[in-house]
Amino acid sequence: IGDVQRSGSAATVTVEYTIDGAQQSQDVTLTKSGSRFVVFDDWKIVDPDLGAIEVRAPGATGVEVNGRAIDVDGLEDGVTLAAFPGTYEITPDAGSKFLTFESEKVRVDTDQEFTDFEVTATDELLAEVASQADQFVAGCIARTEADPAGCPNSTYGYRLQDVRWALDAKPTYEVTSTYGGGW
């Protein structure tokens with residue numbers, strides 16, 4: 001960060017950086033967006049004329065760029081982040097131990113780049129689903145009716161009583177996402 005020219009609630013900052021060994025310089029306009037503790041001003045970049053990264057991560061509660069949390073809204077439909085030329089590692093935050101997003105590296109020049117993230121299930125989600133499903137199946141196996149309500153096991157017979165159910169093999173489970181965002 002180089003020279004800062006301040007005029008009231010606006011400021012122009014000269015930013016210098018190096019790309020592939022070539023020195024670059026650019027002026028960025030900022031406006032005052034509030035203050036902290038009445039002493040420290042908060043500033044927001046106004047139309048920086050930079051490259052941009054559009055990030056879309058349905059279900060994400062936040063996003064990290066190069067390991068730093070960035071305060072953004074609109075990840076469901078996509079949010080555009082201004083970025084100086086460079087390579088950025090972007091990681092959406094799923095906000096849950098059951099879901100995760102893979103990180104992506106994005107290289108930005110002066111154009112706009114797009115990243116579209118897809119949430120995936122973690123091993124913890126798969127284990128939790130299997131545990132709950134196993135408990136459900138065990139409850140159904142313990143029932144003594146010929147057609148236990150709400151259970152997948154059933155048989156037909158005339159006045160069957162004290163039916164005994166057995167499980168030949170433990171089921172396997174698969175967790176997949178649905179179009180509407182469910183699992």
Side-chain angles (χ1 to χ4, degrees), residues 1-129 132 174-183:
I1 304 295
D3 294 335
V4 176
Q5 306 278 328
R6 185 172 174 182
S7 175
S9 63
T12 302
V13 177
T14 302
V15 179
E16 297 173 351
Y17 50 92
T18 304
I19 298 178
D20 292 331
Q23 189 72 17
Q24 306 287 326
S25 176
Q26 180 170 358
D27 288 340
V28 177
T29 303
L30 307 169
T31 59
K32 188 175 174 183
S33 62
S35 64
R36 284 177 275 153
F37 309 114
V38 187
V39 178
F40 304 106
D41 292 335
D42 288 329
W43 295 88
K44 181 177 181 180
I45 297 175
V46 178
D47 191 21
D49 194 27
L50 298 172
I53 305 169
E54 184 174 324
V55 178
R56 184 177 173 278
T61 59
V63 66
E64 282 188 3
V65 178
N66 291 346
R68 293 195 61 179
I70 305 297
D71 186 22
V72 296
D73 292 322
L75 288 168
E76 192 76 28
D77 297 321
V79 62
T80 301
L81 305 173
F84 285 102
T87 301
Y88 298 89
E89 184 172 356
I90 301 171
T91 310
D93 181 6
S96 168
K97 68 178 184 177
F98 297 122
L99 303 173
T100 188
F101 290 92
E102 294 292 324
S103 295
E104 285 189 27
K105 286 194 177 184
V106 179
R107 177 160 171 73
V108 177
D109 289 316
T110 56
D111 296 329
Q112 184 164 341
E113 298 296 326
F114 299 90
T115 57
D116 201 2
F117 291 90
E118 188 173 316
V119 68
T120 58
T122 63
D123 291 340
E124 287 90 348
L125 177 61
L126 300 175
E128 182 65 25
V129 166
Q132 290 185 24
E174 182 177 330
V175 177
T176 58
S177 63
T178 63
Y179 178 74
W183 291 91

Would Val119 and Trp183 count as a side chain to side chain contact (heavy atoms under 4.5 Å, CB included) here? Give the steps.
CA-CA 11 Å; Val119 68; Trp183 291 91; 3.7 Å; yes

Would Ile1 and Val13 count as a side chain to side chain contact (heavy atoms under 4.5 Å, CB included) here? Give the steps.
CA-CA 7 Å; Ile1 304 295; Val13 177; 3.4 Å; yes

Mind running side chain to side chain contact (heavy atoms under 4.5 Å, CB included) on Ser9 and Thr31 for me, showing each step along the way?
CA-CA 6 Å; Ser9 63; Thr31 59; 5.7 Å; no

Test side chain to side chain contact (heavy atoms under 4.5 Å, CB included) on Thr80 and Ile53; report intermediate values, then the result.
CA-CA 6 Å; Thr80 301; Ile53 305 169; over 6 Å; no

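Taking CG of Leu125 as the start and OG of Ser96 as the end, the distance is 7.5 Å to the nearest 0.5 Å. One distance of note links CZ of Arg56 with CG of Asp116; it measures 4.5 Å at 0.5 Å rounding. Atoms CD1 and CG, from Ile70 and Leu75 in turn, are 11.0 Å apart once rounded to the nearest 0.5 Å. Rounding to the nearest 0.5 Å gives a distance of 9.0 Å between CG of Leu126 and CD of Glu124. For the atom pair CD (Glu89) and CD (Glu64), the distance works out to 9.0 Å, reported to the nearest 0.5 Å. Here the OG1-NZ distance, from Thr91 to Lys105, works out to 10.0 Å after rounding to the nearest 0.5 Å.
Contact detail for Trp43 and Leu30: the closest heavy-atom pair is CE3-CB, 3.9 Å. Listed here is the closest heavy atom pair of Ala57 and Phe101: CB-CE2, 4.1 Å. Closest non-hydrogen pair, Ala94 versus Leu99, comes out as CB-O, 3.2 Å. Minimum interatomic distance between Gln23 and Glu16 (heavy atoms only, all atoms of both residues): NE2-CB, 3.7 Å. Shown here for Val108 and Asp111, the closest heavy-atom pair between the two residues is CG1-O, 4.1 Å. Closest approach of Tyr88 to Val65, counting heavy atoms only: CD2-CG1, 3.7 Å.
The side-chain heavy atoms of Thr12 and Val28, taken from C-beta on, include no pair separated by under 4.5 Å. Two residues are said to be in side-chain contact when any heavy atoms from C-beta on lie closer than 4.5 Å; Val106 and Thr87 fail this criterion. Using a 4.5 Å cut-off on side-chain heavy atoms (C-beta onward), Glu104 and Val55 make no contact.
Residues meeting the salt bridge (Lys or Arg N to Asp or Glu O under 4.0 Å) test with Arg36, sequence neighbours left out: Asp42.
With hydrogens and angles disregarded, a donor-acceptor distance shorter than 3.5 Å links the side chain of Thr115 to the backbone of Glu54. The closest donor-acceptor contact from the side chain of Thr122 to the backbone of Lys97 lies under 3.5 Å. Side-chain N or O atoms of Thr29 include none that pairs as donor or acceptor with a backbone N or O of Val46 at under 3.5 Å. Here the side chain of Ser7 pairs no donor or acceptor atom with the backbone of Ala10 at under 3.5 angstrom.
Judged purely by distance below 3.5 Å, without hydrogens or angles, the side chains of Tyr17 and Gln26 pair a donor atom with an acceptor atom. Using a 3.5 Å distance cut-off with no hydrogens or angles, the side chains of Asp27 and Thr14 do pair a donor with an acceptor.
Around CD of Glu118, the count of heavy atoms belonging to other residues, nucleotides or ligands within 6.0 Å does not exceed 12.
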